There are 2 protein chains.
Amino acid sequence: MAAAPDSATADPPVVAHEPGVVCAIYHQAVELIGKRWTGAIVSILMRGPVRFNVLVSAVPGMSERLCADRLRELETAGLVSRRVLPGPPVGVEYALTEAGQDLNEAIEALGKWAHRWLEPVRV
Amino acid sequence: MAAAPDSATADPPVVAHEPGVVCAIYHQAVELIGKRWTGAIVSILMRGPVRFNVLVSAVPGMSERLCADRLRELETAGLVSRRVLPGPPVGVEYALTEAGQDLNEAIEALGKWAHRWLEPVRV
DNA sequence: CATTGTTACTTATTATCTGTAAGCTAAGTA
DNA sequence: TACTTAGCTTACAGATAATAAGTAACAATG
């Protein structure tokens, strides 16, 4: 009674390939998306392109510096694209690439889990 | 054209409740699971209960100290249970609670994403 | 022309967290 | 008593994050 969880889906598990160690590719993903603030940034961008300051104020505790750092990391990883806006007060708009948008399923799954188990939020 | 992604699933998005800020409960979850090593630990426990040292060696870069720290955090959060084994060389076995096992869907979704987009792993 | 305001960052400093290695405890064995 | 195994715990250097201030480009204001 150790191995297979009785999920109704027919898909085989993808994070349990190697016997004794954590799946390397999954681990890579969790270290990228799981890095502080990154999950929040991606979930905000999932609604559509936004500008830097909007992003900063959308994630309460996050500083401008860390937001800039994480956006650059996400850009390097190919999840986020950056576009300079021509308007008078200049501006930079960030958006998810195809790879970034494809994270939606994972984010929604985590969101649903959170609503199931973390509802009594105490902060 | 900013709001709704054209997903075929009938479920409404759960991480886009409030208009200008990140969903608080989702954020709580991503800060918990996303904390360094936590995602890896949970994915290993998803296969079944394991003992401390097995867990440590299943996640290559993780030290005993951080493993103990994360396990205690996960226990406090109600995702992991701890059981002392009676055997001759003593031992402690960690297992996922119901809440922890329910993370399977989210972990699998992230794993699938990783396999789609991160395949050319270079570390 | 100088002042102020906006947007998007940088830089500097301080606090917190992580990595590495060693030590400690408890149970069992010789 | 000494030694072994398993599971932590402590100590300290180095990496990462938090906080606050500063910079550059432009516009509108006085």
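Residue numbers start from 1 in every chain, and the chains themselves are labelled A, B, ... in the order their sequence lines are given, proteins ahead of strands. Quantities reported herein were computed from a predicted structural model and do not represent experimental measurements.
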If I take atom [atom1] in residue [X] and atom [atom2] in nucleotide [N], what distance separates them, rounded to the nearest angstrom?
| X | N | atom1 | atom2 | value |
| --- | --- | --- | --- | --- |
| Asp69(A) | dA18(D) | CG | C1' | 12 Å |
| Arg72(B) | dG7(D) | CZ | P | 14 Å |
| Phe52(A) | dA25(D) | CZ | C1' | 16 Å |
| Leu85(A) | dT7(C) | CG | C1' | 11 Å |
| Glu75(B) | dG7(D) | CD | P | 14 Å |
| Met62(B) | dT20(C) | CE | C1' | 15 Å |
| Asn53(A) | dA25(D) | CG | P | 18 Å |
| Glu73(B) | dT16(C) | CD | C1' | 13 Å |

Would you say [N] has OP1 or OP2 under 4.0 Å from some side-chain N or O of [X]?
| X | N | result |
| --- | --- | --- |
| Tyr94(B) | dC8(D) | yes |
| Arg65(A) | dA21(D) | no |
| Trp37(B) | dC17(C) | no |
| Arg82(B) | dC8(D) | yes |

Specify whether Trp37(B) and His27(A) have parallel, tilted or perpendicular ring planes, treating 30° as the upper limit for parallel and 60° as the lower limit for perpendicular. parallel
Options [options], nucleotide nearest the side-chain atoms of [X]:
| X | options | result |
| --- | --- | --- |
| Lys35(A) | dA17(D), dG7(D), dT10(C) | dA17(D) |
| Arg70(A) | dA8(C), dA17(D), dG7(D) | dA17(D) |
| Leu66(A) | dT18(C), dA8(C), dA17(D) | dA17(D) |
| Glu64(B) | dA18(D), dT9(D), dT10(C) | dT9(D) |
| Arg36(A) | dA18(D), dG7(D), dT7(C) | dA18(D) |

Show the nearest heavy-atom pair for residues Gln101(A) and Leu96(A), with the distance to one decimal. NE2-O, 3.4 Å
State whether Arg72(A) and Glu75(A) are salt-bridged, where the test is any N-O pair (Lys NZ or Arg NE/NH1/NH2 against Asp/Glu carboxylate O) under 4.0 Å. no
Nearest 0.5 angstrom please: Glu98(A) CD to Leu103(A) CG, how far? 12.0 Å
Got a donor-acceptor contact below 3.5 angstrom from the Trp113(A) side chain to the Leu118(A) backbone? no
